[in-house]
Amino acid sequence: MPKGYNGKILRVDLTSGEIKREEPSEVIYRTYLGGGGLASYFLLKELPPGVDPLGPENILVFAATVITGVPVSGMVRYSVAAKSPLTGAYGEAEAGGFFGPELKFAGFDAVIIKGKALKPSYLWIHNGQAEVRSAAGIWGLETGPAQEKIRQELGDPRIRVAQAGPAGEKLVRFACVINELKHTNGRTGLGAVMGSKNLRAIAARGTEKLEYHDPEKLKELAKLQADLISQWGPNKVMRKLGTPNLVMALNTQGILPTKNFRTGVFEGAQNISGERMVETILKSEEGCYACSVRCKRAVEVAEGPYATSREYGGPEYETLSSLGSLLGIDNLAAISKGNELCNRYGLDTISAGVAIGLAMECFENGLLTKADTAGIEFRFGNAEAMVQGIEWIAQRNQGLGNLLAEGVKIAAAKIGQGAEKFALHIKGQELPMHDPRGKTGQGLSFALSPTGADHIEAPHDTPFANPGPMLGRIAPLGLLEAVPARDLGPQKVRNYVYLHFVWSLFNSLGICNFTAGPVWALPLNKWPELVKAVTGWETSLWELLKVGERTVTMARVFNLREGFGRKDDTLPDRLFAPLEGGPLQGKGIDRNEFADALTMYYEAMGWDPQDGVPTRGKLAELNLSWLDEYLKGKR
Ligand code: SF4
């Protein structure tokens, strides 16, 4: 009998209606752990290359991990994965909240969904049972009413619901999956994959307790984690201000994306800061399952054109920047409204903001006119345009909404006339709100992420740029020296390689990035103790980090199989160009240094230095020789 996890996954074929249970071996669980690791294993095994991401052949995986749901702060995340309709590459996104733990309590570690339901449906999972139900009365509803209706229909207010919103139904390519109306698997368009399968939601409820190998040790670690969270500086800031604390921090460093990444300082930063939120519209600090950090924000705007309900949470840093500084908007109420709308409709706020940024820059340069925008001045700084743009995208309304719903890569190609230079994406996924010109390791991270531009592939450069306590946090990896934030030499590549294994492991263990090392509370060396206390496995940091490396490598092979390679591991031209203002004015990323760092990274990974194809030996070392057949003709 496994400890800490169920040892069971659920398989649902929406075309035939068949539901099966499967019990993967302990070797599979220990090799891939869960989350991104387990999901990429199933996608590579079962998804043939070249399928239409929005076709019934695509496979959608919801995966918790072997430790998701243990009562220790931060052990809460689950992954959703599929071939991405936004990029055509590997798609994966993590979310906290409550759905991951509930899926485990309901009796399953993961759900694999194939096919397409004949009619709108949702999946109901409870205490080891599962059924596909009609979503006839739910299809078309915003996320709030849909969640309410599912709970009413099933007669239990404690049911947890992960769903695609109306944007997913309409196949917006950056539609997200959202649980509890505010915790999103935001990136790579996985809500559209749900929509394409006529699957509106998964509802889960479980009352069975999981057994742990060493409950006393687990209690000890839970107490240690709670003590660290209350004392460790970064976690104290996170509790007080949430991720919005980053607005002023990044603005001071000159890397707050502003006006479509033209500059890194925003004159209105103070007005959209975490501090201003606390003083004005913050109603409560909220959290995820069993987490004492409580970094989530719930905001309320009582009246006016941007009246906002706290039910949908509040904007995170990424949203304050993507719907704020990126668009030159310093109206906190309007940004909160934009955030609420994205959560009501099920849209990724990062991609939505960057899509509107594309429209604004095209408008200011005459590539779009009032004839395209229903008479609205689509200029930077216009909050009305931002809010209206989100409505249009979610509904695929007006020509412009339908265009932007395709993501900036496709939209810019359709606009033509050079619009591509205003489309800030990598592999088709819109840039997150971090400017790599002030932290070049993030540039590598953006370019190399298998999901397209992503800011949570590795810790950012700045905490490790100077001597101090933060550097001590990565010493167990042998990373002992400070490396300047803008350095792009061998030391930076080494830091990136080791640290992206750590963050990849986060995704396979379902650990929230804000609760564990390198930057946050629980130090790296405690992770093996935690996994042992839960599962009983006599593990080590070495074994766990190998899972991180294995998962990075599997996603690489997935993308190579789909035709991606070195040509796609790059940055938009704008990031090689100099910043137009702020303390880093005039600084860009050096193309030669970047290309050299990329080659060095491939070599460090045991990949071919030309195109980043993993060698036979590296696959063998990672117990991934079964992937060799996918790389025929590529070496
Ligand atoms: S730190 Fe914040 S996001 Fe992470 S689990 Fe806790 S409350 Fe959720």
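If you read the sequence from its start, that first residue is 1, and numbering goes on from there. Both counts, for ligands and for their atoms, begin at 1 and track the order of listing.
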With Gln225, the side-chain contact (heavy atoms from CB on, under 4.5 Å) member among Val293, Thr515, Asn235: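 The passing option is Thr515.
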
Would you confirm whether the ring centroid of Phe105 sits within less than 6.0 angstrom of the ring centroid of Tyr289?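 Ring centroids of Tyr289 and Phe105 are less than 6.0 Å from each other.
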
Looking at [X] and [Y], what are the two nearest heavy atoms and their distance?
| X | Y | answer |
| --- | --- | --- |
| Pro234 | Val519 | CG-O, 4.0 Å |
| Arg344 | Pro166 | O-CD, 3.7 Å |
| Gly4 | Val534 | CA-CG1, 3.6 Å |

With a cut-off of 4.0 Å, which atoms of ligand 1 are near a heavy atom of [X]?
| X | result |
| --- | --- |
| Cys288 | 3 (S), 5 (S), 7 (S), 8 (Fe) |
| Cys512 | 1 (S), 3 (S), 4 (Fe), 5 (S) |
| Thr515 | 1 (S) |
| Phe514 | 1 (S) |
| Val76 | 5 (S) |

Nearest-option assignment for atom 3 (S) of ligand 1, heavy atoms, candidates Gly96, Gly74, Cys295: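 Result: the heavy atom closest to atom 3 (S) of ligand 1 is in Cys295.
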
Would you find a donor on one side and an acceptor on the other, under 3.5 Å apart, between the side chain of Ser40 and the backbone of Thr551?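 No: the side chain of Ser40 does not pair with the backbone of Thr551.
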
Counting backbone and side-chain atoms alike, is an N, O or S atom of Cys291 positioned under 2.8 Å from atom 4 (Fe) of ligand 1?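 For Cys291, the answer is no, given that no N, O or S atom comes within less than 2.8 Å of atom 4 (Fe) of ligand 1.
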
